[in-house]
Number of protein chains: 2
Amino acid sequence: MTPGTQPPAARVTSLDVARLANVSQSAVSRTFTPGASVSEKTRERVLAAAAHLGYRPNILARSLITGRSNMVGLVLSELSNPYYPPLLEKLSGALQAQGRHLLLFTVPHDQDVETLIPRVLQYQVDAVVICAGTVSSGMAAACARDRRPVLLLNRTASHPQADHVLCDNEDGGRQAAAALIAAGCQRLGLIHGQSGTMTADLRARGFLAEAARAAVPVRQADGGFTAAGGAEAARCLLTGPEAPVDGLFAANDLMALEALRVAETLGRSVPQDLKIIGFDDIPDAARFGLSTLRQPLEDLVQALAAQLEARLNGAPAAPPQVLPVCLIRRASLGAA
Amino acid sequence: MTPGTQPPAARVTSLDVARLANVSQSAVSRTFTPGASVSEKTRERVLAAAAHLGYRPNILARSLITGRSNMVGLVLSELSNPYYPPLLEKLSGALQAQGRHLLLFTVPHDQDVETLIPRVLQYQVDAVVICAGTVSSGMAAACARDRRPVLLLNRTASHPQADHVLCDNEDGGRQAAAALIAAGCQRLGLIHGQSGTMTADLRARGFLAEAARAAVPVRQADGGFTAAGGAEAARCLLTGPEAPVDGLFAANDLMALEALRVAETLGRSVPQDLKIIGFDDIPDAARFGLSTLRQPLEDLVQALAAQLEARLNGAPAAPPQVLPVCLIRRASLGAA
DNA sequence: CTGTTAGCGCTTTCAC
DNA sequence: GTGAAAGCGCTAACAG
């Protein structure tokens, strides 16, 4: 049996309901259209018939006419980072509350975000949320041509037609440096995220700027945002001939937690010899007393959902929305 | 401006392409239909015109005719369990390789899986994958009426029309007990998952059966599959007047890891005084030397994808597919 | 191989 | 308020 040869399911259509209820097909349609005018009598008859047959409007057929699918494309790449699952859960919940649903596209390791976008658009999603890779202008243009809003979550601008919702990465870096310096650190270490990504660069920039302002030296290493890379970078920064660093900032918690473990292995006691700050506040951070910059996940998602709603109602792209991050002081900083 | 009042996007249709290429609309359609017969000449003209206009077929319109949307509904509840993100990532990848995409539905905390299903079906998804809550037969019936395959991932049977892909939870429990006993444990402890869920019950059953077979006593506590609950249960099992347990099995790693920490807090040294085994093999398990029963994620996903493909080609529901779990020996069991 | 035609299930004018 | 009819963008017969 060849694929696709199956008879399509015998679905219940509005016409079936109309016949059973002895009304026109349009009456059925109106009954299921929120703002339409139907007499109470008709509505009841239709609803009864629909319930009897198990009828529910076909959203795809509807969207062909209304131009609205109530689906939002979500392009994701880094589900393995524990920061994302809570985000995804909240995002899905917020959109579901608006009557929309996420259509998921994951970026294959060997592929680019770019190449995925046309596929996303084919599904007639009402908007595209991108939370992966770097977004080039070609892509934004493709969406703009189709008048499909594009929202970038935790990515920084590449195109003025897209909305941007993100946390203040640069200020987070700044806060980290300030906190370490205030805690008495004199030789700082910075574990970079994947270079080239805006979040990594901004966090680093803020950190370096604040350290420079205070004239505190900084040694750097690249951890690539991964646990393994973070461990490697930490080892690199905590050993060697030079005077060891006494304050460490990692561009995400995954790496910071590894640094914590590496420090332990090397016999450095935290927070006495070494203070550590991460970024994201993933669940494990609390468990291991890791100080970190917490992103306001709930606010990010709410802002995104609100902006999405606005754009779908015709509003133009808004200026980037940058939400504050908040330093959570835990044991790794000498907090209670 | 009222919602939905916006003019639908000015989309490029197959007719636009046809006109530009001086061919019929069907020629355009055929060009984009894999198995159709078009001359090389026409195909080129069409593709050129399409590229020029930025045309791509509207999948929703297509699905109205073919009865195939290439979307698969995914009903999820427990994204916060670190076991799920890798699963979701692999699943999405596997389906994407088949040219399908996941439409996400998360179960709100105050709601039932049941109530979500009609909404899922409205989107004309080709199939529904459920990875949440307990699935009642009413729901399965609804899907069956629409001839929509239902696949349950890591849930046990409730309806013969659904496919089931899961790992051998009961045997995992058995293996855990056997391993602890073989390692010399004489007083076992069991931290239950959320009671009522099949995975929790089966893991417990296997564990208890094997312990009983070996006539080793077992104390039990409920951890509800959560980190907090696991810590509480561990504290309960590791303290108290009775002789302390020397072998502990937790129904998932989240709880087992907490148990590991609680044991440390209580001054019990692992694996000397106490051996611990978890379930799932989440990333943290390796990091903390937790022995655990690893689920064959990749195999689960592949089996699911294959079964999905089969069902969509007309195959009937298959008998439950139970994949073996594998005990990973780490420090918590005294392994190297 | 090609164009013409019908129609997927639905919403939306438009008369009544 | 209601039904008839048109048509969203596309595929699938069907003649040629």
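Throughout, protein chains are lettered first and strands after them, A, B, ... in sequence-line order, and every chain is numbered starting at 1.
- By the side-chain hydrogen bond (donor to acceptor under 3.5 Å, both in side chains) test, B:Gln25 pairs with B:Ser14, sequence neighbours left out.
- Look at A:Thr13 and you won't find any side-chain N or O under 4.0 angstrom from OP1 or OP2 of C:dG9.
- In this entry the distance linking CZ of B:Arg62 with P of D:dT11 reads 5 Å, nearest Å.
- C:dT2 atom P lies 15 Å from atom CD of B:Gln25, rounded to whole Å.
- Residues A:Lys90 and A:Glu298 meet the side-chain proximity criterion, which asks for heavy atoms closer than 4.5 Å.
- Screening residues 92-105 of chain A for salt bridge (Lys or Arg N to Asp or Glu O under 4.0 Å) gives A:Arg100-A:Glu309 as the qualifying pairs, with residues at least two apart or on separate chains.
- Applying the salt bridge (Lys or Arg N to Asp or Glu O under 4.0 Å) definition to pairs two or more places apart or across chains, none involves residues 27-40 of chain B.
- Checked by atom type and distance alone, the side chain of B:Asp126 never pairs as donor or acceptor with a backbone atom of B:Arg68 at under 3.5 Å.
- Between the OH atom of B:Tyr123 and the P atom of C:dG9 there is a distance of 19 Å, rounded to whole Å.
- The side-chain hydrogen bond (donor to acceptor under 3.5 Å, both in side chains) analysis of residues 44-54 of chain B, with sequence neighbours excluded, yields no pairs.
- A heavy-atom distance below 4.0 Å to DNA chain C is reached by none of the residues of residues 45-56 of chain B.
- Within the 4.0 angstrom heavy-atom criterion, only backbone atoms of the sugar-phosphate kind lie near A:Thr42; the bases stay farther away.
- For the salt bridge (Lys or Arg N to Asp or Glu O under 4.0 Å) condition, the pairs that include at least one residue of residues 14-25 of chain B, sequence neighbours left out, are B:Asp16-B:Arg19.
- Distance A:Ile59 CD1 to C:dC8 C1': 17 Å, rounded to the nearest Å.
- For the pair A:Leu64 CG and C:dC10 P, the computed distance is 12 Å after rounding to whole Å.
- With sequence neighbours excluded, the residues satisfying side-chain hydrogen bond (donor to acceptor under 3.5 Å, both in side chains) with A:Thr115 are A:Gln111.
- Between B:Ser14 and D:dC10 there is a side-chain N or O to OP1 or OP2 distance below 4.0 Å.
- As rounded to whole Å, 13 Å separates atom C1' of D:dC10 from atom CG of B:Asp16.
- Remark: B:Arg56 engages no residue in a salt bridge (charged side-chain N to carboxylate O under 4.0 Å, His left out) (not counting sequence neighbours).
- Checked against side-chain hydrogen bond (donor to acceptor under 3.5 Å, both in side chains), A:Ser92 has the following partners two or more places apart in sequence or in another chain: B:Thr106.
- Distance, B:Ile65 CD1 to D:dA12 P: 7 Å, rounded to whole Å.
- Partners of B:Tyr55 by ring-ring contact (aromatic ring centres under 6.0 Å, His included), not counting sequence neighbours, listed by chain and number: B:Phe32.
- Whole-Å rounding puts the B:Gln122 CD to C:dT11 C1' distance at 15 Å.
- Of the residues in residues 26-40 of chain A, those placing a heavy atom less than 4.0 Å from an atom of DNA chain D are A:Ser26, A:Ala27, A:Arg30, A:Ser37, A:Val38, A:Ser39, in numerical order.
- The end-to-end axis angle of the helix from C:dC1-D:dG16 to C:dC16-D:dG1, rounded to 10 degrees and based on five pairs per end, is 40°.
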